[in-house]
Amino acid sequence: MSGVHPTEAKERLAFDPISGPALHFIDGQFVESAEGGWFDTLNPTTNEVLTRVAEGTASDVDRAVEAAYRAFHEGPWGRMSAKERARYLVHIADAIERHGEELARLEVADTGLPIAQARGQAARAAENFRFFAEMATRMTGETFPVGEQFLNYAIRVPVGVAGLITPWNTPLMLATWKIAPCLAAGNTAVLKPAEWSPLTATKLAEIVQEVDLPPGVFNVVHGFGEVAGDALVKHPKVPLISFTGETVTGRTIMKNGADGLKRFSMELGGKSPVVVFADADLDRALDAVVFGVYSLNGERCTAGSRLLVQDSIRDEFEARLAERVKRIRLGHPLDPETEVGPLIHPEHKRRVEQYLDIGQREGATMAVGGPVPQELARGNFVRPTLFVNVRNHMRIAQEEIFGPVLVSIPFHTEEEAIQIANGVQYGLAAYIWTRDLERAHRVARRIESGMAWINSQNVRDLRTPFGGMKQSGVGREGGHYSFEFYTEWKTVHVALGQHPIPRFGASDAKTRS
């Protein structure tokens, strides 16, 4: 705070007041719950109540689904040209940018993300809509001519109502990552945001209203997963379910939607390895390792939460890593200098802290960690933590902690590194650091992950498929791969001439006798 006047600093770290309760958005209107229920959403920095949130039930989900169903089957949305839908998406992107600072500050208040990172998430939310607006106009089909007899062609058509269930980490960006391709393809949507982070979903609904999106095309129902989420998954008029969250919940959703033969897109948990070989650029690898697990408060699915470091450089790298982790700025999320803020909720804080105890009981060494400063005790802060002397069978190496916790595991050979990397149930991302590009490509191919970065942190290319192997998910998002989920293939066969048609029943009856 050097050089900042105390009054100025206090104002800078003050959260904006929330204008009112977070309501459902159904058929173009903000409404309370049919059964009148409410719940509170907390500010993770102070654990004070931010506002009340409408508690959705099956009745509210049914209202939203019916509105989305009408908008798809009776309204103009499904019959609009891709170019017309793209215009709406661009208008939404423009509005997100106009409201970018408000969205970022809402995200900070509701999730504890540091403000600098929240601003980046708001910018990415607008980018998602712009990207899929362009992708919508590029969606093409295929033709299959058969000489001069037939012209057969296949086109993509929208499916109907999509149920979008989003997590509490980076909720704004991840909601738009689903909403944008869903609408671009011509579907309508019911969004069920995570109960711990509902505020930016409500603001998105205000933006949708601002740009005059046709009523029912986009709907929001707040509530708890066991009630509102479950009703959305089981609803017979919702053929598509896209879910981002943890693996156990994903399995439950797939079971509960199985009777309806629903299509699922599942982006689930991760325990991604960062493999650092002795010949790597250690300075850049160090930067990437620290950023990859401690950014977004460690609450990210693609976090490089397992460091695999070659034993010949282990001592040097872990020592340098420990010094960096000690200097990470833990603090108020509205302070632009903060690098790690509070975790989302007291319940999640307790879960992460349990893993700190488990790791020490298992025999790992907590090289960095410990209690947070007293001035942060009201919030859900966990000091950035580094475990060394970790073995891959330990729970802290096997289970997704989803917090600012890194475990370091040594390896000797390339083959051992691959075995350790693959020795978990997850397979979302992997990061490989080496100057030997032949080895880099070889290891990237053999690690069981949906994505791999070589000599880089997680830098997204929105055109590429995003998703995981094993227990990390089903399907892919991004680029035209999103449309594999949000559209159906329809094949049309066109006869160009008088091709032969068998004439069953056309023979003379006397001849038959």
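Basis for what follows: all heavy atoms, side chains included, without hydrogens, waters or symmetry-related copies. Quick note: residue numbers are just sequence positions, from 1.
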Practice prompt. Take D230 and K234 through the test salt bridge (charged side-chain N to carboxylate O under 4.0 Å, His left out) and record every step on the way to the result.
Written response: CA-CA 6 Å; D230 188 57; K234 292 177 178 176; 3.1 Å; yes
Discussion item. For a salt bridge (charged side-chain N to carboxylate O under 4.0 Å, His left out) check, start with the C-alpha distance between E323 and K326, then their side-chain angles and the critical distance, and finish with the verdict.
Written reply: CA-CA 5 Å; E323 286 303 311; K326 288 175 186 175; 3.5 Å; yes
Worksheet item: So among L268, V424, T247, which one has a side chain to side chain contact (heavy atoms under 4.5 Å, CB included) with Q471?
Response: T247
Fill in: Exam field: side chain T51 to backbone G20, donor-acceptor pair closer than 3.5 Å
yes
Item to complete: May I ask you to test the P404-L343 pair for a side-chain heavy-atom distance under 4.5 Å?
Response: yes
Fill in: Geometric class of the F402/W168 ring pair [parallel <30°, tilted 30-60°, perpendicular >60°]
perpendicular
Worksheet item: So, do P239 and R263 sit near enough that their side-chain heavy atoms are less than 4.5 Å apart?
Response: no
Discussion item. Under a plain distance cut-off of 3.5 Å, with no hydrogens placed, do S295 and R300 share a side-chain donor-acceptor pair?
Written reply: yes
Practice prompt. May I ask you to test the I344-N380 pair for a side-chain heavy-atom distance under 4.5 Å?
Written response: no
Worksheet item: So, S265 and K178: side-chain donor and acceptor under 3.5 Å apart, yes or no?
Response: no
Worksheet item: Has E375 got more than 12 heavy atoms of other residues, nucleotides or ligands less than 6.0 Å from its CD?
Response: yes
Practice prompt. With rounding to the nearest 0.5 Å, note down the distance linking OG in S482 to CZ in R476.
Written response: 11.5 Å
Worksheet item: Going through the checks in order, is the side-chain contact (heavy atoms from CB on, under 4.5 Å) test met by F317 and V289?
Response: CA-CA 11 Å; F317 196 81; V289 168; 4.2 Å; yes
Practice prompt. With L406 as reference, evaluate V325, T385, L386, V290 under the side chain to side chain contact (heavy atoms under 4.5 Å, CB included) test and give the passing residue.
Written response: L386
Fill in: CA sep, side-chain torsions, deciding dist, call: T464, M451, side-chain contact (heavy atoms from CB on, under 4.5 Å)
CA-CA 10 Å; T464 59; M451 300 167 288; over 6 Å; no
Response to the item:
Closest non-hydrogen atoms of H348 and I401, given as atom of the first, atom of the second and distance, are CE1-O, 3.8 Å
Worksheet item: Passes side-chain contact (heavy atoms from CB on, under 4.5 Å), L183 versus F132? Steps please.
Response: CA-CA 9 Å; L183 301 190; F132 281 107; over 6 Å; no
Item to complete: Output the distance between atom CZ (R105) and atom OG1 (T200), rounded to the nearest 0.5 Å.
Response: 15.0 Å
Practice prompt. State which residue, out of L172, D110, L204, fulfils the side chain to side chain contact (heavy atoms under 4.5 Å, CB included) condition with L199.
Written response: D110
Discussion item. Other residues, nucleotides and ligands only: do more than 12 of their heavy atoms fall within 6.0 Å of CZ on R251?
Written reply: yes
Discussion item. Quick check on side chain to side chain contact (heavy atoms under 4.5 Å, CB included): which of V276, I409, V309 does R314 satisfy it with?
Written reply: V309
Discussion item. Looking only at the side chains, is there a donor atom on one of H99 and E210 sitting less than 3.5 Å from an acceptor on the other?
Written reply: yes
Discussion item. With no hydrogens and no angle check, just 3.5 Å: does a side-chain donor-acceptor pair link T45 and H332?
Written reply: no
Item to complete: Output yes when a side-chain donor or acceptor of T252 lies under 3.5 Å from a complementary backbone atom of V248, and no otherwise.
Response: yes
Discussion item. Does any part of the side chain of E66, heavy atoms only, come nearer than 4.5 Å to the side chain of K237, both counted from C-beta?
Written reply: yes
Worksheet, complete the sentence: Heavy atoms of E55 and W38 approach each other most closely as OE1-O, 3.4 Å
Discussion item. What I'd like to find out is whether the side chain of T338 reaches to under 4.5 Å of the side chain of R329, using heavy atoms alone.
Written reply: no
Worksheet item: Can you find a pair of side-chain heavy atoms, one from L232 and one from I165, that are under 4.5 Å apart?
Response: yes
Fill in: Expected output: side-chain Q121 to main-chain A104 donor-acceptor under 3.5 Å
no
Worksheet item: Would a distance-only check, ignoring hydrogens and angles, find a side-chain to backbone donor-acceptor pair under 3.5 Å from E97 to A126?
Response: no
Discussion item. Y431 and side chain to side chain contact (heavy atoms under 4.5 Å, CB included): which single residue from P273, S272, S456, S449 fits?
Written reply: S272
Worksheet entry | Donor-acceptor under 3.5 Å (T302 side chain, A429 main chain) | no
Fill in: Nearest atoms (heavy-atom pairs only) where S197 meets T111
CB-CG2, 3.9 Å
Fill in: Shortest non-hydrogen separation from L356 to F387 and the atoms involved
O-CZ, 3.6 Å
Worksheet item: Can D60 and R63 be said to form a salt bridge (charged side-chain N to carboxylate O under 4.0 Å, His left out), step by step?
Response: CA-CA 5 Å; D60 303 298; R63 283 193 295 167; 2.7 Å; yes
Worksheet item: To the nearest 0.5 Å, what is the distance between CZ (R98) and CD1 (I207)?
Response: 8.0 Å
Response to the item:
Taken to the nearest 0.5 Å, the spacing of L213 CG from F218 CZ works out to 9.0 Å
Practice prompt. Look at the side chain of N219 and the backbone N and O of G216, then say whether any donor-acceptor pair between them is shorter than 3.5 Å.
Written response: yes
Worksheet item: Just by distance, with hydrogens left out, do S408 and E318 show a side-chain donor and acceptor under 3.5 Å apart?
Response: yes
Response to the item:
What one should report as the nearest heavy-atom pair of S242 and E477 is OG-OE2, 4.0 Å
Discussion item. Please find the pair of heavy atoms, one from L330 and one from R383, that lie closest to each other, and give the distance.
Written reply: CD2-CA, 4.0 Å
Discussion item. Would you say CD of E206 has more than 12 non-hydrogen atoms from neighbouring residues, nucleotides or ligands within 6.0 angstrom?
Written reply: yes
Practice prompt. Examine the side chains of Y355 and E399 and answer whether a donor and an acceptor come within less than 3.5 Å of each other.
Written response: yes
Item to complete: Using a 4.5 Å cut-off on heavy atoms from C-beta on, say whether the side chain of L282 contacts that of E316.
Response: yes
Discussion item. Checking the side chain of K262 only, and the main-chain atoms of V238 only, is there a donor and an acceptor separated by less than 3.5 Å?
Written reply: yes
Discussion item. For a salt bridge (charged side-chain N to carboxylate O under 4.0 Å, His left out) check, start with the C-alpha distance between R324 and D287, then their side-chain angles and the critical distance, and finish with the verdict.
Written reply: CA-CA 9 Å; R324 284 287 293 276; D287 288 341; 2.9 Å; yes
Fill in: Separation between CZ of F485 and CG of L240, rounded to the nearest 0.5 Å
4.5 Å
Discussion item. Has Q398 got a side-chain atom pairing as donor or acceptor with G423's backbone, closer than 3.5 angstrom?
Written reply: yes
Worksheet item: Under the 3.5 angstrom rule, does the side chain of N297 hit a backbone N or O of G341 as a donor-acceptor pair?
Response: yes
Worksheet item: Parallel, tilted or perpendicular: which fits the ring planes of H345 and W196, with parallel below 30° and perpendicular above 60°?
Response: parallel
Discussion item. Would you compute the distance between atom CD of E48 and atom CG of L42 and round it to the nearest 0.5 angstrom?
Written reply: 9.5 Å
Worksheet item: If we only count heavy atoms from C-beta on, is the P21 to L23 side-chain gap below 4.5 Å?
Response: yes
Fill in: Check: F224 main-chain N/O paired with E195 side-chain donor or acceptor under 3.5 Å
no
